[in-house]
Amino acid sequence: MPPDPAPPPTPLLTMSRITKTFPGVRALDGVDLEVRPAEVHCLLGQNGAGKSTLIKVLAGAHHPDSGRITWAGETVTLKSPTAAMRLGIATIYQELDLVEGLSVAENVHLGHEPTTAGFLVRRRTARTTTAALLTRLGHPEIDPNRLVGTLSAAQQQIVSMARALSHDVRLIVMDEPSAALDPDEVDNLFRTVASLTADGVAVVYISHRLEEIRRIGDRVTVLKDGRAVAVGLPARSTPTRDIVALMTGRDVAYAFPDRPAPQDRPGTPALHVQGLCRTGEFEPLDLTVHPGEIVGLAGLVGSGRSEILETIYGARKPTAGQVAVDGRQLRAGSVRAAVRAGIGLAPEERKAQALLMLESVTRNVSVSTLSRFSRAGWLDRRAERIAAQQATREISLRPDNPDAHVRTLSGGNQQKAVLARWLLRGCKVLLLDEPTRGVDVGARAELYAVVRRLADEGLAVLLVSSEVPEVLGLADRVLVLREGRLVHTSPARELDEHRVLDLVMEGSPAP
């Protein structure tokens, strides 16, 4: 007879029947989570499912109303983030909590600086240990003396990981760690995670990218509406259809809306960019986007994609080149001129760069159009509210409550609020930078449908996304960038993911 299979290892962490209620909302309703040593346990669920609340309970930032937490076989109470860290639990949030005015080394050792005689900071030791951690993470090129505020989003993610590793951690929680990383960076992240688990460290990994779960995960727990609807599923063998159905409560196809047949687009383009460049960021670029067309910019992080959008929008002043809307040239480096001409931008960091998080949905939608509701110096709030609600209903923002604070919305509905702002403004050209970053699989399909419908109604859309399938699935034409230079342009139908990745890696000359 074959030997009996080995029993599963004793869990490092067990969270049993965890509940947490906020005013009017039951965020966690008896959630269970079990994490074993040296495993990658993936936590899945739509925005609002309770993932963030659960990891904040684990990090000691929230106190559960009821339930039990067991760590290494002993019942514990996580009274604060410091208590969690002392046990060996480190959390890397999606919204990184780094101090931009401090150096890399100072951020890595913040709160536990190496000292002499208990009060003099040993800066050389801090720099040396930081350099060793960055080398372990595969990024020895990051200077420990450099200010964090000057780093890219991807580099800041690495610094946040180094800070977690600077403690004696036994479990690391990673919340959407790959959101700002290009494919090479993701591969490096996965190698780092594999190295950690080989050393016995457990990882709780949160991501909306199901393909990542297949590559990196061992087991999966799925949350929906504050409850664990599946615990400990095998990550590699559970069908995607089953996981999506558990997350959403329905069978959702991760599909893009039908794209119209290719067509010649005569006449003046809605957006015409000629010879636009910024020294050190991107080389001279020509592009056009016609009414009703979606054009995608594909490239790795650092290829100049976001910088191009921000320069078109006037947030960055170009070194040379021109931007025209409907044939009329815009004043360079002027957001006001761009908005007046009909350009709208949905930026990558919508919480920091687009939304007024403490304001209502109405104010977030109307903020670019307030003069329309001004009467003799007074704001007609009723007219403002009616117009904002009409705009949000057009794109199915939920809940249908214009008085709700935008911070209470899911990621997908926050993005819809940004789109509604530009709908209300009546923009002609919409610039979308990572439109589905931090958006769950169900809401993505809704956003894709909204963008496609807006294009079908005559809006010109210029799209940037780190996810190549998203660019290929939404765009009519694709421009491929490498290191700030245009290397290829063609209809999306003529490309596939492998071809795009070859282009961004090799940088074949533009046809």
Nearest heavy atoms of [X] and [Y], plus distance in Å:
| X | Y | result |
| --- | --- | --- |
| Leu397 | Ala417 | CD1-N, 3.5 Å |
| Ala420 | Thr392 | CB-CG2, 4.1 Å |
| Thr221 | Ala228 | CG2-CB, 4.5 Å |
| Arg452 | Gly292 | NH2-O, 3.8 Å |
| Lys51 | Leu43 | CD-O, 3.8 Å |
| Glu446 | Lys416 | OE1-NZ, 2.8 Å |

Residue list, salt bridge (Lys or Arg N to Asp or Glu O under 4.0 Å) with [X], at least two apart or on another chain:
| X | result |
| --- | --- |
| Asp65 | none |
| Arg331 | none |
| Arg393 | Asp400 |

Salt bridge [X]-[Y], side-chain N to carboxylate O under 4.0 Å:
| X | Y | value |
| --- | --- | --- |
| Glu281 | Arg316 | yes |
| Arg305 | Glu348 | no |
| Arg26 | Asp225 | no |
| Arg437 | Glu176 | no |
| Glu467 | Arg444 | yes |

What's the separation between atom [atom1] in [X] and atom [atom2] in [Y], rounded to the nearest 0.5 Å?
| X | Y | atom1 | atom2 | answer |
| --- | --- | --- | --- | --- |
| Ser360 | Leu356 | OG | CG | 9.0 Å |
| Leu285 | Arg278 | CG | CZ | 14.0 Å |
| Phe282 | Glu483 | CZ | CD | 15.5 Å |
| Met174 | Cys42 | CE | SG | 11.5 Å |
| Phe22 | Thr408 | CZ | OG1 | 13.0 Å |
| Leu58 | Leu33 | CG | CG | 7.5 Å |

Indicate yes or no for a side-chain donor-acceptor contact from [X] to the backbone of [Y] under 3.5 Å, with no hydrogens or angles considered.
| X | Y | answer |
| --- | --- | --- |
| Thr362 | Pro402 | yes |
| Asp286 | Gly275 | yes |
| Asn107 | Leu98 | no |
| Gln329 | Val323 | no |
| Thr19 | Ser66 | yes |
| Asn413 | Arg398 | yes |
| Thr319 | Thr279 | yes |
| Arg421 | Ala354 | yes |
| Ser160 | Gln157 | no |

Do [X] and [Y] have side chains that approach each other closer than 4.5 Å (heavy atoms only, starting at C-beta)?
| X | Y | result |
| --- | --- | --- |
| Ser396 | Val450 | no |
| Leu430 | Leu419 | yes |
| Val159 | Leu151 | yes |
| Leu481 | Ile308 | yes |

Those residues that, when tested against [X], pass side chain to side chain contact (heavy atoms under 4.5 Å, CB included) (two or more places apart):
| X | answer |
| --- | --- |
| Ala332 | Pro318 |
| His63 | none |
| Pro284 | Cys277 |
| Ala61 | Lys56, Tyr93 |

Step-by-step side chain to side chain contact (heavy atoms under 4.5 Å, CB included) determination, Leu424 to Arg372: CA-CA 10 Å; Leu424 185 59; Arg372 182 188 304 180; 3.5 Å; yes
Begin with the C-alpha distance, continue with both residues' side-chain angles, and end with the deciding distance and a verdict on side chain to side chain contact (heavy atoms under 4.5 Å, CB included) for Ile343 and Trp422. CA-CA 8 Å; Ile343 297 179; Trp422 298 118; over 6 Å; no
With sequence neighbours excluded, residues passing side-chain hydrogen bond (donor to acceptor under 3.5 Å, both in side chains) with [X]:
| X | value |
| --- | --- |
| Lys428 | Asp326 |
| Asp32 | none |
| Ser366 | Glu384 |
| Arg453 | Glu457 |

Please lay out, stage by stage, how Val471 and Leu495 fare under the test side chain to side chain contact (heavy atoms under 4.5 Å, CB included). CA-CA 10 Å; Val471 176; Leu495 294 169; over 6 Å; no
Give a yes-or-no answer on whether the side chains of Glu106 and Ser103 include a donor-acceptor pair shorter than 3.5 Å. yes
Could you verify whether a donor N or O on one side chain and an acceptor N or O on the other, from Gln415 and Thr436, lie under 3.5 Å apart? no
More than 12 heavy atoms from other groups under 6.0 Å of [atom1] on [X]:
| X | atom1 | result |
| --- | --- | --- |
| Arg146 | CZ | yes |
| Arg375 | CZ | yes |
| Arg328 | CZ | no |

All pairs passing salt bridge (charged side-chain N to carboxylate O under 4.0 Å, His left out) where residues 291-300 contributes a residue, at least two apart: Glu293-Arg477
Of the options Leu459, Asp456, Leu463, Ile294, which is the one that meets Val451 in a side-chain contact (heavy atoms from CB on, under 4.5 Å)? Ile294
Intermediate values then yes/no, side-chain hydrogen bond (donor to acceptor under 3.5 Å, both in side chains), Glu434 and Ser466: CA-CA 7 Å; Glu434 303 288 359; Ser466 297; 2.4 Å; yes
